[in-house]
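Single-structure report; data block below.
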Amino acid sequence: MRAIDSVGIVLAGGNSSRMGRDKSFLSLKSQKFFLLESYKKLKFLCKNVLVSIREEQREEYSKHVPNEFLVSDSISNLQGPLQGIFSSFLLFQNDPNIKNFLILAVDLPYMRIKTLARLYSKNEIIGSGVFYRTEEGIEPLCGLYSLEYLRFLFQEFEKGVLNSVSPKLLVQRGNPSLLDVPEMEKSSFINLNSPEDLRPPKS
């Protein structure tokens, strides 16, 4: 059953500088574009799914995802993943039916649906939300963000007192619920940034 109180957000507005081309339109063997795979996974879990982009990406992305499901960056003095997260949050900040945002970066093509679904295993969402903890620390680009925590962060941003733009630090600061990644699902968090990363994982 899909969550009706969550909005799925595919973060696709990065510059893909190290990859040299837009990572959304890469694919692995027998798979569709990362963009479509990510969208499909979130759509399996959430009734509403949007793709966060830069406005200049809209023309190309609208060939693959309906235009109304694309969200352009809307904050002039902010960059990085937090730009896409805040821009998406602003669309729903006054919607009483929305409680959480399920965030997934487009460059995590090995992410499993069951790994995403486990983020809903907590009976109550407290603090910044529910996230995985790996050897690299909290994974902020695959997580269930609380709308109320994003509201708090955005208010700090507007006041000019937000002390970091790092999603990892901000999530950590919000006392999140943390999940460990089952051994068989660790490859879900392989992040692809360069052409060399496109080689299949060993496990």
Side-chain angles (χ1 to χ4, degrees), residues 2-3 6-54 57 60-61 64-65 69-71 80-85 88 100-122 128-145 166-168 171-172 176-203:
R2 293 186 295 176
S6 299
V7 178
I9 304 293
V10 179
L11 292 179
N15 290 313
S16 303
S17 302
R18 282 182 284 170
M19 187 62 73
R21 53 184 172 142
D22 194 329
K23 289 186 278 190
S24 289
F25 301 111
L26 297 173
S27 61
L28 299 174
K29 186 178 179 181
S30 75
Q31 286 194 342
K32 297 177 181 177
F33 289 148
F34 290 0
L35 170 65
L36 300 179
E37 286 291 321
S38 301
Y39 187 85
K40 183 175 70 174
K41 290 169 187 173
L42 292 187
K43 196 67 181 174
F44 190 82
L45 297 167
C46 302
K47 182 179 179 182
N48 300 305
V49 178
L50 302 175
V51 179
S52 168
I53 59 170
R54 289 173 280 112
Q57 293 173 297
E60 183 62 29
Y61 277 58
H64 306 276
V65 174
F69 300 135
L70 300 175
V71 182
L82 197 58
Q83 165 72 267
I85 294 171
S88 302
N100 310 295
F101 292 85
L102 180 59
I103 301 292
L104 177 63
V106 76
D107 57 1
L108 294 172
Y110 299 108
M111 182 59 62
R112 295 161 173 81
I113 290 176
K114 67 178 180 182
T115 308
L116 290 166
R118 194 177 295 110
L119 292 164
Y120 287 96
S121 63
K122 298 292 183 182
S128 48
V130 186
F131 299 85
Y132 280 100
R133 173 176 47 203
T134 67
E135 294 172 355
E136 285 72 40
I138 293 174
E139 295 286 347
L141 302 185
C142 166
L144 190 63
Y145 284 72
S166 162
K168 178 178 286 191
V171 165
Q172 188 169 15
S177 295
L178 296 177
L179 304 174
D180 291 321
V181 185
E183 187 66 31
M184 293 294 291
E185 297 175 34
K186 287 187 174 178
S187 61
S188 289
F189 290 89
I190 294 176
N191 173 258
L192 305 186
N193 286 311
S194 68
E196 292 73 25
D197 294 336
L198 292 172
R199 299 189 188 103
K202 293 180 180 178
S203 60

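Values below: all heavy atoms of this structure, side chains included; hydrogens, waters and symmetry mates excluded. All values reported here derive from a predicted model rather than from experimental measurement.
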* To do: Might you work through the ring-ring contact (aromatic ring centres under 6.0 Å, His included) test for Phe189 and Tyr110, ending with a clear yes or no?
  => CA-CA 7 Å; Phe189 290 89; Tyr110 299 108; over 10 Å; no
* Asked: What do you reckon, is CD of Glu196 surrounded by more than 12 foreign heavy atoms closer than 6.0 Å?
  ->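 Check passes, neighbour count above 12.
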* Asked: Within a radius of less than 6.0 Å around CZ of Arg18, do more than 12 heavy atoms belonging to other residues, nucleotides or ligands occur?
  ->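 At most 12 heavy atoms, drawn from other residues, nucleotides or ligands, come within 6.0 Å of this atom.
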Minimum heavy-atom separation for [X] and [Y], please, with both atom names.
X: Pro167; Y: Leu82; result: CG-N, 4.3 Å
X: Pro140; Y: Tyr145; result: O-OH, 2.7 Å
X: Pro176; Y: Phe131; result: CB-CD1, 3.7 Å
X: Ile190; Y: Leu108; result: O-CD2, 3.6 Å

Where the side chain of [X] meets the backbone of [Y], is there a donor-acceptor pair that is under 3.5 Å apart?
X: Lys43; Y: Gly8; value: no
X: Lys122; Y: Val130; value: no
X: Ser128; Y: Val171; value: yes
X: Gln57; Y: Arg54; value: yes
X: Asn15; Y: Ser17; value: no

Would you call [X] and [Y] a side-chain contact if the rule is heavy atoms closer than 4.5 Å?
X: Ile9; Y: Ile85; result: no
X: Leu26; Y: Arg21; result: yes
X: Leu179; Y: Ser121; result: yes

* Yes or no on side-chain contact (heavy atoms from CB on, under 4.5 Å) for Tyr39 and Val49, after CA distance, side-chain angles and deciding distance? -> CA-CA 7 Å; Tyr39 187 85; Val49 178; 3.6 Å; yes
Once rounded to the nearest 0.5 Å, what's the spacing between atom [atom1] of [X] and atom [atom2] of [Y]?
X: Lys32; Y: Ser38; atom1: NZ; atom2: OG; answer: 12.5 Å
X: Lys41; Y: Leu102; atom1: NZ; atom2: CG; answer: 12.0 Å
X: Ser6; Y: Leu45; atom1: OG; atom2: CG; answer: 9.0 Å
X: Lys23; Y: Asn193; atom1: NZ; atom2: CG; answer: 4.0 Å
X: Ile53; Y: Ser24; atom1: CD1; atom2: OG; answer: 9.5 Å
X: Ser88; Y: Asn48; atom1: OG; atom2: CG; answer: 12.0 Å

* **Donor + acceptor pair across side chains of Arg112, Ser188 (<3.5 Å)** =>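 Present: a donor and an acceptor within the cut-off.
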* To do: Report the C-alpha separation of Phe34 and Leu192 in whole Å, then their side-chain angles, then the decisive distance to 0.1 Å, and conclude whether the side-chain contact (heavy atoms from CB on, under 4.5 Å) test is met.
  => CA-CA 11 Å; Phe34 290 0; Leu192 305 186; 3.6 Å; yes
* Yes or no on ring-ring contact (aromatic ring centres under 6.0 Å, His included) for Phe25 and His64, after CA distance, side-chain angles and deciding distance? -> CA-CA 10 Å; Phe25 301 111; His64 306 276; 5.0 Å; yes
* Asked: Is there a side-chain contact (heavy atoms from CB on, under 4.5 Å) between Leu119 and Cys142 once you walk through the steps?
  -> CA-CA 9 Å; Leu119 292 164; Cys142 166; 4.3 Å; yes
* **Residue of the set Arg118, Glu139, Glu185 for which side chain to side chain donor-acceptor pair (under 3.5 Å) holds with Tyr132** =>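 Per the side chain to side chain donor-acceptor pair (under 3.5 Å) rule, the option paired with Tyr132 is Arg118, out of Arg118, Glu139, Glu185.
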* To do: Just do the side-chain contact (heavy atoms from CB on, under 4.5 Å) check on Val10 and Leu42 with the steps written out, would you?
  => CA-CA 8 Å; Val10 179; Leu42 292 187; 3.6 Å; yes
